[in-house]
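Heads up, the thing below is written out as structure tokens.
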Protein chains: 2
Amino acid sequence: MSDTELSDTRRRILDAAETLFTEHGFEATTLRQITGRAQVNLAAVNYHFGSKEALIQELFRRRLTWLNERRLEALDRLETEAHGAPLKPSKIVDAFFGVAVNMAADREGGGRTFMRLLGRTYTEPSEFVRGFLASEYSEAVGRFKAALFKALPDVPQEEILWRFHFMIGAMAYAISGADALSIVGETPVDDSAIDALYPRLMSFLLGGLRAPLPALAAAPKPGRKPRTRRAA
Amino acid sequence: MSDTELSDTRRRILDAAETLFTEHGFEATTLRQITGRAQVNLAAVNYHFGSKEALIQELFRRRLTWLNERRLEALDRLETEAHGAPLKPSKIVDAFFGVAVNMAADREGGGRTFMRLLGRTYTEPSEFVRGFLASEYSEAVGRFKAALFKALPDVPQEEILWRFHFMIGAMAYAISGADALSIVGETPVDDSAIDALYPRLMSFLLGGLRAPLPALAAAPKPGRKPRTRRAA
DNA sequence: GTCTATATCGGGATAGAC
DNA sequence: GTCTATCCCGATATAGAC
């Protein structure tokens, strides 16, 4: 299961695939490109993984298991320290998104590449990808949802879920959309910008999470502004 | 240029392609599927558009031109009413994102389908897609950036750009990630939820935009919390 | 376990009749 | 402008020698 047990060939294939999928997407990347970059034989992918699809699954499994374990460890630590009291929302957000952004800032181990890939994959329509992403996330997301509900007892739970959703979107796009396509800035987002991302993103996410609650009566029409009840 | 000038065949192809690209992605969708759904001949795509790539470009061009014209009209209206005074940030955000969410709420005209496609496409890595997306957006984004700079003179412009970025991500994921993959909720996001999206998203975006500014000194490490200067 | 060679398929694009 | 038939390519996957 751990990386050290992987044969060198397997590891090289996974690393090459990660890079190429990130740059060109799943469909546009061919086994020939992957095996070429990994300097292994074309047949090696099918020998070691069985199929291209199975390779993709294994690739996500190894990273996501690690990522969500770190998140749960961080949450465990917070809950232990709190002795049953509700956590501060900022701490919860930090535990969930901070671990991810940290992974994205890691250039050496390939975490950076993977997080860009992951961000794009959230919106991937293909059935089998959605399936295993959901199952990889279910435990961690369940725990974090519960923590947020407890931390924000006055905010309707449905609202919390939406805001969790929005937060994930902001992060995903910040990491993967940023260098793929800089719509807002002419200057492409470079490596140093990723390092500066963390505090900026955290401020934004917390501001959104604690925003005044919207009025949900009226039909969604631009020009109308949300009424202000306090969220937290 | 307008839809009415399109031959029926062209329009049917564009509509079918929009739906299929949204459901399965660009690469996974074949010309055979598109022409089959549009009930036109296989050769018609190449006759009318020249290639699959050109079809994709035309598809985005027709929707994005319309979308960004509406955005600029809304901004024009605000600026006219303001007689040169800075606009309220909430109005600017409303003009930019409200138009998009409204388009996403439109089930009949296919706007809903297109917005889901657009959200995914922001993170599309392929070169030619990035190129024309950036050019389609440049004018509108430039104008809105300028309006935000003027509306928030005390916030560093770089920070505003980042937050604009985060806002786009939150919206894109809310619209396209929502039904593609519901990571946070077990219940898939249905049509009525999209209608309720607007006020929720606006509150979140404004909360994020006006969040206290982050301290940018320290290295990005989870566990550290951003210092608080006021953003607006 | 790793290679070469190949089977099999389905893609985009086009030629040329109508 | 629309059709049928087909070209040509490159994809995944596998068979079988080493």
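Just so it is clear: chains get the letters A, B, ... in the order the sequence lines come, proteins before strands, and each one is counted from 1.
For B:Y198 and B:F97, the gap between ring centers reaches or exceeds 6.0 Å.
Rounded to whole Å, the distance from NE2 on A:H24 to C1' on D:dA11 is 16 Å. Atom CZ of B:F26 and atom P of C:dG11 are 18 Å apart (whole Å). At whole-Å resolution of the value, NE2 in B:H48 and C1' in C:dA13 are 16 Å apart. Computed from coordinates, the A:L42 CG to C:dT2 C1' distance equals 12 Å when rounded to whole Å. Between the CG atom of B:L31 and the P atom of D:dC9 there is a distance of 18 Å, given to the nearest Å. Atom CD in B:E27 sits about 13 Å away from atom C1' in D:dG10, given to the nearest Å. Between A:R10 atom CZ and C:dT2 atom C1' the separation is 15 Å, expressed in whole Å. In this entry the distance linking CD1 of A:I13 with C1' of C:dT2 reads 11 Å, nearest Å.
Of the candidates C:dT4, D:dC3, C:dA13, C:dT4 carries the atom nearest the A:A43 side chain, counting heavy atoms from C-beta on. The listed nucleotides are C:dC3, D:dT4, C:dG11; the one nearest the side chain of B:T30 is C:dG11. Picking from D:dC3, D:dA13, C:dA13 the nucleotide with the shortest atom distance to the side chain of A:N46 gives D:dA13.
B:E124 places a side-chain heavy atom less than 4.5 Å from the side chain of B:F26.
Looking at every heavy atom in both residues, A:L118 comes nearest to A:L64 through CD2-CD2, 3.9 Å.
Nucleic acid contact class of A:T29 (heavy atoms, under 4.0 Å, all strands): sugar-phosphate only.
The 5' end of DNA chain D is approached more closely, in terms of each residue's nearest nucleotide, by B:Y47 than by the other of B:R32 and B:Y47.
With salt bridges taken as basic N to acidic carboxylate O contacts below 4.0 Å, one links A:R163 and A:E159.
Contact between the side-chain N/O atoms of B:N41 and the OP1/OP2 oxygens of D:dG1 is not found at any separation under 4.0 Å. Between A:T9 and the phosphate of C:dT2, there is a side-chain N or O to OP1/OP2 separation shorter than 4.0 Å.
Using bins of under 30°, 30° to 60° and over 60° for the plane-to-plane angle, the ring pair A:F204/B:F166 lands in the tilted bin.
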